[in-house]
Protein chains: 2
Amino acid sequence: MTDTQHKTKTRILKAASELFLKGGVAALSVRAIAKRAGMSTINIYSHFQGKQGILDTLYIEGFEKVSAAMDIDMTRHSPREAIVLGMKHYLDIAEQYNAHYRLIFGEADPSYTPSPDARQAGIAAFERLVTLTSSFLPKDASRTRKQEFALTLWATLHGFVRLHGNAVSELVDISNWRQMTLEAAIRQIDAAQAEG
Amino acid sequence: MTDTQHKTKTRILKAASELFLKGGVAALSVRAIAKRAGMSTINIYSHFQGKQGILDTLYIEGFEKVSAAMDIDMTRHSPREAIVLGMKHYLDIAEQYNAHYRLIFGEADPSYTPSPDARQAGIAAFERLVTLTSSFLPKDASRTRKQEFALTLWATLHGFVRLHGNAVSELVDISNWRQMTLEAAIRQIDAAQAEG
DNA sequence: GGCTGTATATAACACTGTTATATTTTGTCA
DNA sequence: TGACAAAATATAACAGTGTTATATACAGCC
């Protein structure tokens with residue numbers, strides 16, 4: 001890729017990100033992106049693979065942020081502390097990058113399907129979570145057990161994050177959603193500990 | 001509403017439901033609905049409020065199915081058994097009416113926002129869940145406590161349902177997703193019981 | 001039978017994603 | 001340095017979308 005090609009890609013991605021962070025997927029038309037990037041729509045197709053390529057790039061970005069949330073210094077924290085810290089980072093990401101978060105959980109164009117590369121990013125984020133959480137389990141825990149544990153924590157966190165975006169959260173006088181989320185996840189950790 | 005008006009509404013809704021159950025929101029264009037109903041698109045606007053009205057109707061249907069899942073005969077089951085049965089029904093609904101389920105959790109047109117009536121249906125479903133689950137708590141449990149408990153169970157179930165639709169579920173060799181989901185929710189019930 | 005109101009059909013609008021065609025720019029070679 | 005080819009980019013057009021303006025058909029009432 002030449003330097004000018006790289007420059008054009010960067011301009012397009014910058015324009016797409018700005019529109020996306022401000023207005024979510026609804027703000028992401030190829031005409032709006034091209035206009036903001038100061039070029040014509042054909043560039044979205046020659047530098048990315050059209051709308052699909054833009055969404056894939058943002059989807060991967062979303063999962064990269066989720067993966068980064070799991071990067072905890074294990075030398076400075078106990079396994080349990082590391083997991084709790086990772087979960088706090090996850091909730092931070094879900095809030096600060098809500099547009100990305102909604103995209104990775106399917107709240108985008110109904111015709112969008114993540115590409116193999118994009119799906120791989122999701123798998124990598126999950127593997128990262130398995131690594132973080134399995135340090136808490138017994139050394140001889142099976143691969144399946146580790147994956148189930150990681151899944152349980154992720155499901156718990158995501159469930160609360162998503163319901164927070166629902167009408168239900170207005171009805172419920174819960175002023176500390178974040179604490180409730182972490183407590184529910186910690187109950188799963190405690191249950192795993194009690195189990196051996 | 002006259003009888004012929006009612007007939008036209010029914011034809012439109014039947015056509016929309018058939019397309020929706022088969023192809024989800026992506027299959028729901030006003031032209032496709034009108035064609036399948038054997039009429040022109042203007043009827044979508046005069047009998048419903050256009051695309052918004054169609055999505056609102058299906059959204060409400062989705063939450064009505066979720067509410068129906070919580071209808072458990074409390075005279076034939078202990079509180080705990082009733083909750084577990086309600087959760088099983090919920091997972092059934094999520095699977096059998098996946099298109100409705102995705103719609104109520106935002107996986108639709110990015111420009112769609114549920115109307116006040118539609119949001120009310122979500123609130124009613126949640127109230128139904130609070131009623132079901134609060135029978136398990138101590139009689140003097142606060143309103144907030146009851147809502148938190150109901151939310152915890154719902155978040156746990158939804159988290160697993162949503163992650164099952166992700167690439168992660170292909171990576172993870174989990175042949176019994178449903179059991180894992182129920183066990184995670186039961187841990188939350190057990191923790192509530194242990195707490196008093 | 002005529003008139004009014006309602007229901008429905010048709011045509012048109014503006015926006016969308018995408019591509020065919022045209023134009024401009026860049027790089028290479030003699 | 002000019003010519004040529006390739007690449008990059010711009011423009012125009014296509015088909016589909018949601019929505020509405022206008023036209024037509026139908027129903028009800030006097």
Side-chain angles (χ1 to χ4, degrees), chain A residues 1-20 22-59 99 103 107-115 118, chain B residues 1-20 22-59 99 103 107-115 118:
Chain A
M1 193 198 320
T2 71
D3 193 52
T4 50
Q5 274 177 328
H6 183 72
K7 269 175 175 163
T8 306
K9 266 183 93 86
T10 300
R11 274 169 68 197
I12 292 170
L13 199 43
K14 183 173 182 290
S17 292
E18 286 162 359
L19 291 167
F20 183 58
K22 188 184 299 178
V25 166
L28 276 190
S29 69
V30 289
R31 283 172 175 76
I33 297 169
K35 184 178 186 185
R36 189 167 184 122
M39 59 183 68
S40 63
T41 59
I42 190 61
N43 296 281
I44 314 293
Y45 295 88
S46 52
H47 292 277
F48 292 82
Q49 284 69 54
K51 188 74 178 285
Q52 172 79 35
I54 296 291
L55 290 174
D56 277 336
T57 302
L58 295 169
Y59 185 98
L103 175 58
E107 296 182 47
D109 207 274
S111 61
Y112 173 63
T113 303
S115 68
Chain B
M1 195 198 318
T2 70
D3 195 49
T4 48
Q5 272 176 330
H6 184 72
K7 269 176 175 160
T8 306
K9 265 184 94 87
T10 300
R11 275 169 66 197
I12 293 168
L13 200 44
K14 183 170 181 287
S17 292
E18 287 162 0
L19 291 167
F20 184 58
K22 191 186 297 180
V25 167
L28 275 191
S29 70
V30 288
R31 282 171 177 77
I33 296 168
K35 183 178 186 183
R36 187 165 186 124
M39 59 183 70
S40 63
T41 59
I42 188 61
N43 293 280
I44 314 293
Y45 295 87
S46 52
H47 292 276
F48 292 81
Q49 283 69 55
K51 189 73 177 287
Q52 172 80 35
I54 297 291
L55 291 175
D56 277 337
T57 302
L58 295 169
Y59 185 98
L103 174 58
E107 296 182 48
D109 207 275
S111 61
Y112 172 64
T113 302
S115 70

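All chains are named by letter (A, B, ...) in the order of the sequence lines, taking the proteins before the strands, and each is independently numbered beginning at 1.
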Could you give the [atom1]-to-[atom2] distance, from [X] to [N], as a whole number of Å?
X	N	atom1	atom2	value
A:I44	C:dG17	CD1	P	10 Å
B:K51	C:dT16	NZ	P	15 Å
B:D109	C:dG17	CG	P	12 Å
B:Y112	D:dT19	OH	P	13 Å
B:K7	C:dA7	NZ	C1'	15 Å
A:Q49	C:dT19	CD	C1'	15 Å
A:Y45	C:dG17	OH	P	6 Å
B:I12	C:dT8	CD1	C1'	11 Å

Return yes if some donor-acceptor pair links the side-chain N/O of B:K51 with the main-chain N/O of B:L28 below 3.5 Å, else return no.
yes
Under the 3.5 angstrom rule, does the side chain of B:Q52 hit a backbone N or O of B:T113 as a donor-acceptor pair?
yes
Of the non-hydrogen atoms in [X] and [Y], which two are nearest, and what is the gap between them?
X	Y	result
A:G24	A:A99	CA-CB, 4.2 Å
A:I54	A:A16	CG2-CB, 4.0 Å
A:L19	A:A27	O-CB, 3.7 Å
A:I44	A:A34	CD1-N, 4.3 Å

Is the shortest side-chain heavy-atom distance between [X] and [Y] below 4.5 Å?
X	Y	answer
A:V25	A:Y112	no
A:I12	A:M39	yes
B:Y45	B:V30	yes

Please name the residue in the list A:D56, A:L55, A:T57 that meets the side-chain contact (heavy atoms from CB on, under 4.5 Å) test with A:S115.
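In the set A:D56, A:L55, A:T57, the residue that makes a side-chain contact (heavy atoms from CB on, under 4.5 Å) with A:S115 is A:D56.
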Roughly what angle, to 10°, lies between the helix axis at the start of the helix from C:dG1-D:dC30 to C:dA30-D:dT1 and the one at its end, five pairs per end?
20°
Salt bridge present between B:K14 and B:E18 (N-O < 4.0 angstrom)
yes
Of all of residues 22-30 of chain A, which get a heavy atom below 4.0 angstrom from DNA chain C, listed by number?
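Residues of residues 22-30 of chain A that come under 4.0 Å of DNA chain C are, in numerical order, A:L28, A:S29, A:V30.
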Kindly say if A:H47 contacts the phosphate of D:dA8, meaning a side-chain N or O under 4.0 Å from OP1 or OP2.
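Checking D:dA8 against A:H47, no side-chain N or O comes under 4.0 Å of OP1 or OP2.
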Those residues of residues 31-43 of chain A lying under 4.0 Å from DNA chain D by at least one heavy atom:
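A:R31, A:M39, A:S40, A:I42, A:N43, in order of number.
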